[in-house]
K.L.:
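Quick one: structure below, then a few questions.
Worth saying up front: this structure is predicted, and the values here are computed from it rather than measured. Counting starts at 1 for both ligands and their atoms, following the listed order.
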Amino acid sequence: MGRPDRNNEVLQFAGCDTVELAKTFGTPLYVVDEAVIKGKCNEIRQEFLLKHNNTKAVYAGKAFLNLAMCKIIEREGFGLDVVSGGELYLALEAGFPMEDVFFHGNNKNKSELRLAISNNIGRIVVDSLYELQLIEDVAKELNKKVKILYRLTPGVNSHTHKHIVTGRADSKFGLPIKRENILEAVKRAIKCKFVELMGFHFHVGSQIFDNKSHVDSVERVANVMKLVKVELGYVTKELNTGGGYGIFYTHGDLIRPINYFTDAIMEKIIEKCETLDLEIPTIIIEPGRWIIGEAGITLYTVGSVKEIPNIKKYAFIDGGMTDNLRPALYDAKYEAAIANKYIKEKTEIITIAGKCCETSDILVKNLKLPLVEKGDILVVFSTGAYNYSMANNYNNIPKAAVVLISDGNAEVIVERENYADLIRKNKLPKHLEPFV
Ligand code: LLP
């Protein structure tokens, strides 16, 4: 949630006055505190990378990605997970070391694979045998050898929103853990001349507070490691255990330190490798939200306030589901406050709605706030993950700017879109051109 200063009438964030930020850069505005990102990376370093031998951390770029974020992650010495040609292109433009990039996705196409393989991508996480064939074809054409991991569906359930569970048996991602499937997939990968199988990957879901689904998945994947060792003599070198660690959104959410998850994962893998007589592979973690989520806030300006007597009071803001799709998509909950009345007594219950032509464009329901008036600056907390990255142009609304605060200095890292940006790709067919 950043570090708000509770003695100040105006909310201070990362050493900056939030009302000044809104005035200088306009609203809606994503604001990101670099110190929080670095603090999270440092916790991962201390509590995971330095504590356990033979480990790696990869940031899941889908949570929040742009040139500046790539640079921050590179300087932290972490790898990067990309999930599309577009994310990969961004990493290339940022000069991110390609050997540290993991390429995910359940339907990568040939041109994405060509971009990855021709740039010597670190790992491709293969979702199916169909994809293995595509990779083999492209790698052969480019005369490259590609390191891969197989994504497995561990068949576990996680307690989170059904839209962000990925580990269950009927998931669209990965190879189901069935003896015959696994043996065939590993056999085929071993046979491929242009592919080197490094091991396995799983990802059980997102915004998870209980480490049980990670631990259960390690158990199942370790059994797979044993199976392929006994049946095929294949020794697993790497195991990527995905991300998914939950963060603070609203009071009542548990705040979990990284080692709540990582110690449990490590304990389980060590125990299993011992009992099954396996070598301990390199263990990789891949968090996105846990690194960036609490580093971000969003600032909005309140416009109209509407009261429906005995029913509800609404405050309308200048953004909404275009900059934060999560409440409409997942019924996600957020904490919010009036930045310019930060320590004023909260006297009313009010619902914050966006400006889109959509009834579900409600950002926060029944929030306790001081009297809300036009011109107030509303701040929503913990918006660093999956807000900017899921921003959209519904109703032809330009995307908001992103500002990064480092050592008290705020700088734009993604410019606000303008109307011209919105129609830049429009074309008029000849027969619709105006008569001259
Ligand atoms: N690795 C893989 C293969 C993933 O698919 C994901 C997220 C991650 C790592 C990072 O998960 P995290 O640590 O950020 O939970 N749009 C949704 C979240 C979708 C997550 C997709 N995959 C949301 O806004 O909640």
K.L.:
Is the closest basic N to carboxylate O distance between Lys355 and Asp361 below 4.0 Å?
P.N.:
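Not counted as a salt bridge, because no side-chain N and carboxylate O are separated by less than 4.0 Å.
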K.L.:
Any idea which atoms of ligand 1 are less than 4.0 Å away from a heavy-atom of Met390?
P.N.:
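Heavy-atom distances to Met390 below 4.0 Å select 16 (N), 24 (O).
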K.L.:
For the CZ atom of Phe64 and the CD1 atom of Ile73, what is their distance to the nearest 0.5 Å?
P.N.:
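Taking CZ in Phe64 and CD1 in Ile73, the distance rounds to 10.0 Å.
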K.L.:
I need the contact type for Ala63 against ligand 1. Using non-hydrogen atoms and a strict under-4.0 Å cut-off, is it side chain, backbone, both or neither?
P.N.:
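For Ala63, no heavy atom sits under 4.0 Å from ligand 1.
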K.L.:
Does Gly244 come within less than 4.0 Å of ligand 1, judged by its heavy atoms?
P.N.:
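Distance cut 4.0 Å: Gly244 passes for ligand 1.
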K.L.:
Compare Gln207, His201, Glu286 and give the one whose heavy atom is closest to atom 1 (N) of ligand 1.
P.N.:
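Of the listed residues, Glu286 has the closest heavy atom.
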K.L.:
Any chance you could lay out the side-chain hydrogen bond (donor to acceptor under 3.5 Å, both in side chains) test for Tyr388 and Asn66, step after step, and finish with the verdict?
P.N.:
CA-CA 10 Å; Tyr388 161 72; Asn66 42 64; 4.6 Å; no
K.L.:
Any nitrogen or oxygen of Gly288, main chain or side chain, under 3.5 Å from a nitrogen or oxygen of ligand 1?
P.N.:
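Between Gly288 and ligand 1 (N or O atoms, distance only) the closest approach is under 3.5 Å.
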K.L.:
Could you list the atoms of ligand 1 found under 4.0 angstrom from a heavy atom of Gly243?
P.N.:
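Once the distances to Gly243 are compared, the set is 9 (C), 13 (O).
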K.L.:
What atoms in ligand 1 come closer than 4.0 Å to a heavy atom of Arg289?
P.N.:
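Selected atoms, number and element: 12 (P), 13 (O), 14 (O), 18 (C), 23 (C), 25 (O).
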K.L.:
What are the atoms of ligand 1, with element, lying closer than 4.0 Å to any heavy atom of Asp81?
P.N.:
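Near Asp81, meaning under 4.0 Å from one of its heavy atoms, ligand 1 has 1 (N), 2 (C), 9 (C).
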K.L.:
Does the distance from a Lys or Arg side-chain N to an Asp or Glu carboxylate O, for Asp421 and Lys399, drop under 4.0 Å?
P.N.:
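No, this pair does not count.
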K.L.:
Within less than 4.0 angstrom of ligand 1, does Ala385 place any heavy atom?
P.N.:
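Flag not set, Ala385 not near ligand 1.
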K.L.:
Could you list the atoms of ligand 1 found under 4.0 angstrom from a heavy atom of His104?
P.N.:
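Atoms satisfying the 4.0 Å criterion: 3 (C).
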K.L.:
Are the charged groups of Glu131 and Lys108 less than 4.0 angstrom apart, N to O?
P.N.:
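Yes, charged N to carboxylate O under 4.0 Å.
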K.L.:
At a 4.0 Å threshold, what atoms of ligand 1 neighbour a non-hydrogen atom of Ala60?
P.N.:
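Those of ligand 1 that fall under 4.0 Å from Ala60 are 8 (C), 9 (C), 10 (C).
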K.L.:
Taking the six-membered ring where the residue is Trp, are the ring centres of His203 and His104 under 6.0 Å apart?
P.N.:
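Ring centroids of His203 and His104 are no less than 6.0 Å from each other.
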K.L.:
Which of the atoms in ligand 1, numbered in the order shown and given with their element, are less than 4.0 Å from a heavy-atom of Pro287?
P.N.:
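By the 4.0 Å cutoff, the relevant atoms are 13 (O).
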K.L.:
Does the distance from a Lys or Arg side-chain N to an Asp or Glu carboxylate O, for Glu238 and Lys147, drop under 4.0 Å?
P.N.:
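No.
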K.L.:
Please report the closest heavy-atom contact between Asp323 and Tyr30, naming both atoms and the distance.
P.N.:
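Smallest interatomic distance, heavy atoms only, reads O-OH, 2.7 Å.
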K.L.:
If you measure from NZ on Lys140 to CD1 on Ile135, what distance do you get to the nearest 0.5 Å?
P.N.:
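Reported value, rounded in 0.5 Å steps: 15.5 Å.
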K.L.:
Do any N/O atoms on Arg151 end up under 3.5 angstrom from N/O atoms on ligand 1?
P.N.:
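Looking only at distances, the answer is no, because the N/O contact criterion of under 3.5 Å is not met.
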K.L.:
Please compare Phe173, Tyr245, Trp290, Tyr386 and report which has the shortest non-hydrogen distance to atom 14 (O) of ligand 1.
P.N.:
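Ranked by closest heavy atom to atom 14 (O) of ligand 1, first place is Tyr386.
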K.L.:
Can you tell me how far apart CG (Leu197) and OH (Tyr234) are? Round to the nearest 0.5 Å.
P.N.:
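Nearest 0.5 Å value for the CG-OH distance: 3.5 Å.
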K.L.:
Identify which of Tyr249, Tyr330, Tyr59 has a heavy atom lying nearest to atom 17 (C) of ligand 1.
P.N.:
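The residue whose heavy atom sits nearest atom 17 (C) of ligand 1 is Tyr330.
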